[in-house]
Amino acid sequence: MRRTLLLAVGIITGAFVLLQLIPYGHDHGAPPTTERAPLSGTADHIAAGACEDCHSNATRWPWYTNVAPASLLVVNDVKGGREHLNLSRWDRPQPDLQEVVEAIDGGGMPPVQYKLVHGDARLSAAERRTLVAGFRALYASDPPPAGGGGD
């Protein structure tokens, strides 16, 4: 029994070490900001804590984003987030903006896995309403360019 347990621990440890060799998830570079979404003061503050890590080029990369498998998951989430809405590239089409706003309004954004680690992303109902209103006002007054998906 003890030998089996030691073998299992050795295999798991070896797999963890091998995962660190996978290059995906270690590159934390970002394209430059071309035009920042002009959100209002309060909505901008809320977005900075709850949205920008995945939906902008100003991603904060905590220590665990350098350790697989977390690095693989986080980089995948950031890549997907930037494809759906990128607050750092407002000069480009943001075709999923309305969908993202509806997800915020319904409590589906930020996602649960993000809120577990980032306390400032746990939005109250009032904060969600403020953020939704900020995005809707922004879209009505200064929408991103029309067209297909960004990068």
Side-chain angles (χ1 to χ4, degrees), residues 12-151:
I12 290 170
T13 302
F16 180 79
V17 169
L18 286 175
L19 271 175
Q20 306 316 306
L21 301 176
I22 297 173
Y24 184 79
H26 296 285
D27 179 17
H28 295 156
T33 296
T34 54
E35 183 179 334
R36 189 164 150 62
L39 284 165
S40 67
T42 304
D44 188 53
H45 177 73
I46 294 169
C51 308
E52 287 189 356
D53 275 346
C54 293
H55 294 284
S56 80
N57 296 342
T59 303
R60 295 173 292 174
W61 298 101
W63 66 269
Y64 57 84
T65 63
N66 292 305
V67 180
S71 61
L72 306 172
L73 299 171
V74 172
V75 167
N76 190 52
D77 283 351
V78 170
K79 183 179 179 213
R82 288 177 182 164
E83 288 173 2
H84 289 287
L85 174 69
N86 192 332
L87 300 172
S88 296
R89 304 198 77 177
W90 203 249
D91 57 331
R92 301 205 176 222
Q94 305 292 333
D96 297 332
L97 178 60
Q98 292 296 359
E99 183 181 321
V100 171
V101 169
E102 289 172 13
I104 295 167
D105 198 26
M109 276 288 161
V112 173
Q113 70 270 22
Y114 186 77
K115 291 187 279 192
L116 287 173
V117 180
H118 301 276
D120 54 350
R122 296 182 196 123
L123 303 179
S124 67
E127 289 171 320
R128 279 197 317 275
R129 283 192 301 271
T130 299
L131 188 56
V132 166
F135 276 122
R136 287 185 176 150
L138 177 63
Y139 191 77
S141 66
D142 188 21
D151 309 279

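In this structure, the side chains of R92 and N86 stay at 4.5 Å or more apart for every pair of heavy atoms. No side-chain heavy atom of V117 sits less than 4.5 Å from a side-chain heavy atom of P62. Inter-residue side-chain proximity for W90 and L138 is flagged as met; some heavy-atom pair is nearer than 4.5 Å. Looking only at side-chain heavy atoms (C-beta outward), D44 and E52 come within less than 4.5 Å of each other. Taking 4.5 Å as the limit, some side-chain heavy atom of Q113 sits within range of a side-chain heavy atom of D77. P110 has its side chain out of reach of H118: every pair of non-hydrogen atoms, C-beta onward, lies at least 4.5 Å apart. Between V100 and F135, the closest side-chain pair of non-hydrogen atoms is not below 4.5 Å.
Distance CG/D120 to CD1/I46: 11.0 Å, rounded to 0.5 Å. The SG atom of C54 sits 10.0 Å away from atom CG of N76, with the distance rounded to the nearest 0.5 Å. One distance of note links CZ of R128 with CD1 of I104; it measures 10.0 Å at 0.5 Å rounding. The NE2 atom of H55 lies 11.5 Å from the OG atom of S88; values are rounded to the nearest 0.5 Å. Here NZ of K79 is found 11.0 Å from NE2 of H84. Values are rounded to the nearest 0.5 Å.
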Step-by-step side-chain contact (heavy atoms from CB on, under 4.5 Å) determination, D91 to R89: CA-CA 5 Å; D91 57 331; R89 304 198 77 177; 4.1 Å; yes

Full working for side-chain contact (heavy atoms from CB on, under 4.5 Å) between D96 and L85: CA-CA 6 Å; D96 297 332; L85 174 69; 5.8 Å; no

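Distance alone, capped at 3.5 Å, is enough to place a donor-acceptor pair between the R82 side chain and the S56 backbone.
Of all the heavy atoms in L116 and R122, the pair that sits closest is O-NH2, 3.2 Å. Contact between Y114 and A50 at its shortest, heavy atoms only, is CE2-O, 4.0 Å. Scanning both residues, T65 and S71, for their nearest heavy atoms gives O-CB, 3.0 Å. Nearest heavy-atom pair, V78 versus D53, reported as atom, atom and distance to 0.1 Å: CG2-O, 3.6 Å.
Within 6.0 Å of NE2 on H45 lie no more than 12 heavy atoms contributed by other residues, nucleotides or ligands.
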